[in-house]
There are 2 protein chains.
Amino acid sequence: MEYSHKLIIDNVSRFIDLTELEKQKYISLLTTVRVKKKEFLMQAGEITKYEYFIIKGCLKVYTLDEDGTPHISMFAVEDYWTGDLASFITKEPSRYFIKATEDSELLSISRVNYDLLFQEIPKFERFYRILYQRSLISYIRRSNHGISLTAEERYIEFKKKYPKIINRISQKDLAGYIGITPEFMSKIISKVNRM
Amino acid sequence: MEYSHKLIIDNVSRFIDLTELEKQKYISLLTTVRVKKKEFLMQAGEITKYEYFIIKGCLKVYTLDEDGTPHISMFAVEDYWTGDLASFITKEPSRYFIKATEDSELLSISRVNYDLLFQEIPKFERFYRILYQRSLISYIRRSNHGISLTAEERYIEFKKKYPKIINRISQKDLAGYIGITPEFMSKIISKVNRM
DNA sequence: TAAAAGTCTTAAACTAGTTCATTTTTTTTC
DNA sequence: GAAAAAAAATGAACTAGTTTAAGACTTTTA
């Protein structure tokens, strides 16, 4: 089996057991996508037709507000799922951009194949039930932290939770994720490092 | 069928079709709970054994930070699901309190019955897949808004999105949800009403 | 490999939101 | 239905985070 297919099967197999036939069927519903650093995987205004699994690389998912200030909602690296779930499901235009911050390789599943997947291998209802349950738990936590912690506390949390990601992204993008200006991010980092 | 059971079956039937037998089976896994205004449904430190569906009433789900300041993560009213999903799933102690802000009636499902439900009626994998998917979409949006909007914008959004809930909760609790002090909430409301 | 473009740092003036203290209004309780 | 308790309003002094601007450092591109 190809390396990329092995990776996604390992990811899925954390929650459900698949037969060899089911694995083959699943893989047949996926497509390989490559994006170079600084290229877009998708842009605001489009209706998202795919969900993505990252084999290799790093991408940022973000919106632009009226002032043109970017607000980063996630960094996606190896073994992560990404996309714009809202647009993918509701078929409304997305407000998100997804841009590669490193040359990246992904596997995509189209909306048509996603629907087909549940018909053909109902076990995937369970896989996505658990995947969404876990994402939900972490977003519930994050939406509270965004409101209740100071920027410095959010930075310290991020550093503790994603020590590998922090070394792969710019300070400016980190500021866009934490929800502050790059200038204030710079101050926080030099303060925290001094402590 | 009892009124409360009819309500929860209607809720579930939005996403999956159940036979009469399956409906009976499902209902047999639920328990009715009543809490009076100001009483707790659960408190921080406990391991959450239940998820709840609200038949009637209103409850607030919140944490207390080190200073004792409450941060409200949701208001649950009729036809909502609530609980602490993280503690329910991981069996770790909860950091949340759930307190009734009105006399309330709920249906609860225990963790044991929740697991049993998937074995006995696998269709429920689909129900929860869709339920969590929708919650995830709204939490992703909320965690971005928490970081990118001003308090005034968050208040206006809340008012537009939950016009019925806003009349049932105190200004103080709303402040705890928006993530600001009651004093500043008061200022925002009088400013927005003046506009 | 030089120039251009982007990132990071620092600092001063500013604004959104907090804190603390007091008064008024509303709700709860006996 | 009076007294007590809680919620809401207001204002002054404060702090976390923004804005603007300018210079130093790093990465990208021709």
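By convention in this document, chain letters (A, B, ...) are assigned in the order of the sequence lines, proteins followed by strands, and residues within each chain are numbered from 1. None of these values were measured; they are calculated from a predicted model.
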I want to check one thing: is the phosphate of C:dT18, taken as OP1 and OP2, less than 4.0 Å away from some side-chain N or O of B:Lys187? no
Out of C:dT28, C:dG17, D:dT29, which nucleotide sits closest to the side chain of B:Phe184? C:dG17
Has A:Ser170 got a side-chain N or O lying under 4.0 Å from the OP1 or OP2 atom of C:dT7? no
Rounded to whole angstroms, how far apart are NZ on A:Lys172 and C1' on D:dC25? 16 Å
A:Ile178 CD1 - D:dG17 C1' separation (whole Å): 13 Å
Can you confirm whether or not the ring centre of B:Phe75 sits under 6.0 Å from the ring centre of B:Tyr162? no
Select one nucleotide: of D:dA7, C:dT19, D:dG17, the one nearest the side-chain heavy atoms of A:Arg154. D:dG17
State whether B:Gln171 places a side-chain N or O below 4.0 Å from either non-bridging phosphate oxygen (OP1 or OP2) of C:dT26. no
Given the side-chain rings of B:Tyr62 and B:Phe97, with only the six-membered ring counted for Trp, is the space between their centroids under 6.0 Å? yes
Measure from CE on A:Met185 to P on C:dT9 and round the result to the nearest Å. 10 Å
Before giving the answer on side chain to side chain donor-acceptor pair (under 3.5 Å), spell out for B:Thr48 and B:Ser87 the whole-Å C-alpha distance, their side-chain angles and the decisive distance to 0.1 Å. CA-CA 6 Å; B:Thr48 312; B:Ser87 171; 3.0 Å; yes
Check A:Lys123 against A:Ile16 and note the closest heavy-atom contact, atom names and distance. O-CG2, 3.7 Å
Between A:Thr150 and D:dA16, does any side-chain N or O lie under 4.0 Å from OP1 or OP2? no
When you get a sec, tell me which of D:dG17, D:dT19, C:dT18 is the closest nucleotide to the side chain of A:Ile180? D:dG17
Per atom distances to the B:Lys37 side chain, the nearest of C:dT28, D:dT20, D:dG17 is C:dT28
Side chain of A:Thr181 only, please: which of C:dT9, D:dT19, C:dA21 is the nearest? D:dT19
